[in-house]
Amino acid sequence: MLQQTQVKTVIPYFERWLQAFPTIAALATADLQQVLKVWQGLGYYARARNLHRAAQEILQHHQGIFPTELEAVLALPGIGRTTAGGILSAAYNQRVPILDGNVKRVLARVVALETAPNRTIARLWQASTVLLDPDNPRDFNQALMDLGATVCTPKHPACLICPWKEYCRAHTLNMQDELPVSETRPPLPRKSIGVGVIWNAAGEILIDRRRPEGLLGGLWEFPGGKIEPGETVEECIQREIREELGIEIAVGDRLITINHTYSHFHVTLHVHHCHHLSGEPQPIESDEVRWVQVTELEKFPFPKANIHIINALLAGE
DNA sequence: CACACGTGGGC
DNA sequence: TGCCCAAGTGT
C-alpha cells in the first residue's frame, strides 16, 4: 500500500484492509472484486491485484506462511527490491538494502549525484548496500527513510540538524537546494472522453467492468471513449456505445463535466444522460456489462473520476 | 531502459 | 493553477 503513497493516506485503508482480510488465507480466498472495493480510491490498482495473487501464491507454495528468503519474497507479484528489503529488514533484521523515494534523495545528496536519480539507479543501490549497517539493518533502513522524510526533505532540507552533514557532499558543496537533479518532463497529454449514463425502461443504469490489466484494471465504469477530431460529444458517445456495447442509444442532457488527472495524462469527461433504444448490451471491449439500480452502485469498485459521476446522480435525485 | 500506472497534499 | 512528490513495480 505504501508504494508511491504517503503514510497518512494509507493508514485508513490499512485499517479497513486488515478488517476485511485479517489473514493471508482470507485475502487469498476473497473475490477480486471485493479486494478492489476495499482498495477503491487508493490508486495504482495493480497493487491490489498483485497482493491478492501474492496471497494465493503464498498459500500454494509456502504453506500459507510469508517467506523469509529474499529470493522467494522477490518472486511474489508486486514485491520488488525496496518492498522486499523493507519487509525483511524490518521484520527479521536481515541485511537487505532499500531504495525508496526518501532514500534516493538522501543518497543523491550524500554522493552529490550529477544526474537525475532514476538515470543512475544502480549507483544508488550500490550506496544503499555499502552504507547499510551490518549490525543493525532494521534500524538503519528505518532511520534512512525517516531522515529523508523529516530532515533531508525535497524542499529546504534541515542540514544544520542532520547527523550526516559532515559526510554529505551536497552540504559540503552547499548544493543541497539544487540536488537531486530533477528530470525535465514534457507536459502531460490531454484527452477528452465522452461518457454515457445509459438508462433503460426499468430505470436501471448500464455499467461495465474494465479488463483486468492496464489502467484501472478490474474496476467498473460508465461506458464511453475518446472524442475523435471533428466529432461532437453526442456523436462520440453514440459511436462508442455502439462499438463497445453493440446497442443503440439516444444521447440526452449533459449530467456533469469532470476534469481529472491520472499519473500520465489529463482527461476531461463529458458525461451525458442517455436512453437505451435497442439491442442487448455485449461486453465487446470490457469483461462484463450490467444493468444496475442507482442504489446498487456502491457495491462495485469505481475509480475516482466515476465516483464524481455517481455523486452527481445521487445529488440529482 | 523507458514508460505505464492513481490519488492526494504541498506550495 | 500547475507541477512536484509520495515506504515502486511490471513490462
Side-chain angles (χ1 to χ4, degrees), chain A residues 1-14 36 39-54 73-91 96-108 115-125 128 138-150 152-157 177-191 210-219 221 258-269 301-308:
Chain A
M1 281 184 168
L2 290 163
Q3 290 166 3
Q4 294 282 276
T5 307
Q6 293 188 344
V7 174
K8 187 167 59 171
T9 301
V10 163
I11 287 172
Y13 282 90
F14 178 73
L36 289 171
W39 200 277
Q40 174 180 301
L42 239 200
Y44 284 144
Y45 297 93
R47 295 180 296 176
R49 303 193 298 269
N50 286 334
L51 206 42
H52 188 225
R53 277 204 296 138
V73 175
L74 282 173
L76 294 170
I79 301 188
R81 290 185 70 180
T82 289
T83 303
I87 292 169
L88 293 179
S89 65
V96 189
I98 58 173
L99 190 61
D100 75 330
N102 287 310
V103 176
K104 272 185 200 171
R105 180 175 58 257
V106 170
L107 297 182
T115 63
N118 288 332
R119 298 278 304 163
T120 326
I121 211 68
R123 170 111 186 265
L124 293 174
W125 273 110
S128 184
R138 171 190 289 138
D139 288 347
F140 179 88
N141 281 342
Q142 186 64 55
L144 198 49
M145 286 190 287
D146 287 347
L147 187 67
T150 63
C152 194
T153 48
K155 300 269 173 74
H156 315 302
D177 290 324
E178 340 300 328
L179 296 176
V181 175
S182 62
E183 319 240 18
T184 57
R185 284 193 288 239
L188 298 181
R190 295 177 182 276
K191 302 184 186 182
R210 294 174 65 90
R211 288 176 175 154
E213 70 287 346
L215 183 69
L216 308 172
L219 299 197
E221 65 180 3
I258 297 164
N259 285 306
H260 188 77
T261 302
Y262 293 103
S263 50
H264 51 301
F265 63 96
H266 300 285
V267 284
T268 301
L269 266 33
F302 282 93
K304 183 70 189 334
N306 278 249
I307 297 294
H308 289 310

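Per chain, numbering begins at 1; letters A, B, ... match sequence-line order.
Base engagement by A:Q142 is indicated by at least one non-hydrogen atom pair under 4.0 Å involving a base atom. Note on A:I79: only backbone sugar-phosphate atoms sit closer than 4.0 angstrom, heavy atoms only; bases stay farther off. In this structure, A:G86 reaches neither bases nor backbone, as no heavy-atom distance under 4.0 Å exists between it and the strands shown. At the heavy-atom level, A:P77 lies under 4.0 Å from the strands shown only through sugar-phosphate atoms. Residue A:G217 is out of contact with every strand shown, counting any heavy-atom pair closer than 4.0 Å.
If you take atom P in C:dT11 and the same atom in B:dG6, they sit 14 Å apart, rounded to whole Å. B:dC3 and C:dA7: their P atoms are spaced 24 Å apart (whole Å). If you take atom P in B:dG8 and the same atom in C:dT9, they sit 22 Å apart, rounded to whole Å.
We find that CG of A:L219 is positioned 13 Å from C1' of B:dT7, with the value rounded to whole Å. For the pair A:Q4 CD and C:dC4 P, the computed distance is 14 Å after rounding to whole Å. Between the CE atom of A:M145 and the C1' atom of C:dC5 there is a distance of 17 Å, given to the nearest Å. Rounding to whole angstrom units, OH of residue A:Y44 and P of C:dC5 are separated by 13 Å. Straight-line distance from the CG atom of A:N118 to the C1' atom of B:dC3: 12 Å, rounded to whole Å. Across the protein-nucleic acid pair, A:L42 atom CG and B:dC5 atom P stand 18 Å apart, rounded to whole Å. C:dA7 atom P lies 12 Å from atom CZ of A:R47, rounded to whole Å. Across the protein-nucleic acid pair, A:L2 atom CG and C:dC5 atom C1' stand 15 Å apart, rounded to whole Å.
Nearest to the side chain of A:H260, among B:dT7, C:dG8, B:dC5, sits B:dT7. When each of C:dC4, B:dG8, B:dC5 is scored by its nearest atom to the side-chain atoms of A:Q6, the top-ranked nucleotide is B:dG8. Nearest to the side chain of A:L215, among C:dA7, B:dG6, C:dC4, sits B:dG6. In the set C:dT9, C:dC4, B:dG6, the nucleotide with an atom closest to the side chain of A:T5 is B:dG6. Of all nucleotides listed (C:dA7, B:dT7, B:dC5), C:dA7 comes nearest to the side chain of A:N102. With B:dG8, B:dC5, C:dA6 as the choices, the nucleotide that has an atom nearest any side-chain atom of A:K304 turns out to be B:dG8. Nearest nucleotide to the side chain of A:Y262, out of C:dA7, B:dT7, C:dA6: B:dT7. With B:dG10, C:dT9, C:dA6 as the candidates, the nucleotide lying closest to the side chain of A:P154 is C:dA6. Among C:dG10, B:dG6, C:dG8, the nucleotide with an atom closest to any side-chain atom of A:D100 is C:dG8.
Judged purely by atom type and a 3.5 angstrom limit, A:Y13 uses its side chain to pair as donor or acceptor with the backbone of A:Q40. Of the possible donor and acceptor atoms, none in the side chain of A:T82 sits under 3.5 Å from a partner among the backbone N and O of A:I98.
In A:F14, the CZ atom is not crowded: 12 or fewer heavy atoms of neighbouring residues, nucleotides or ligands sit closer than 6.0 Å.
For the residue pair A:N50 and A:R47, no side-chain donor N or O sits within less than 3.5 Å of a side-chain acceptor on the partner.
Residues A:L36 and A:H52 have side chains not in contact (no heavy-atom distance under 4.5 Å, counting atoms from C-beta outward). Side-chain contact check for A:T9 versus A:L42: some heavy-atom pair is nearer than 4.5 Å. For the pair A:H260 and A:L269, the minimum side-chain heavy-atom distance is 4.5 Å or more.
The side chain of A:Y45 places an N or O atom within less than 4.0 Å of a non-bridging phosphate oxygen (OP1 or OP2) of B:dT7. For A:R119 and B:dA2, the shortest distance from a side-chain N or O to OP1 or OP2 is below 4.0 Å. At B:dG6, none of the side-chain N or O atoms of A:T261 fall inside 4.0 Å of OP1 or OP2 (strictly under the cut-off). Note on A:H264: every side-chain N or O is 4.0 Å or more away from OP1 and OP2 of B:dA4. For the OP1/OP2 pair of C:dG8 and a distance below 4.0 Å, the side-chain nitrogens and oxygens of A:R81 include no atom meeting the criterion.
Taking for each of A:I121 and A:G41 the nucleotide of DNA chain B with the nearest heavy atom, the 5'-most of the two is the partner of A:I121.
Not a single donor-acceptor contact under 3.5 angstrom links the side-chain atoms of A:E213 to the base of B:dA4. Scanning atom types as modelled, no donor and acceptor separated by under 3.5 angstrom connect the side chain of A:T9 and the base of B:dG9.
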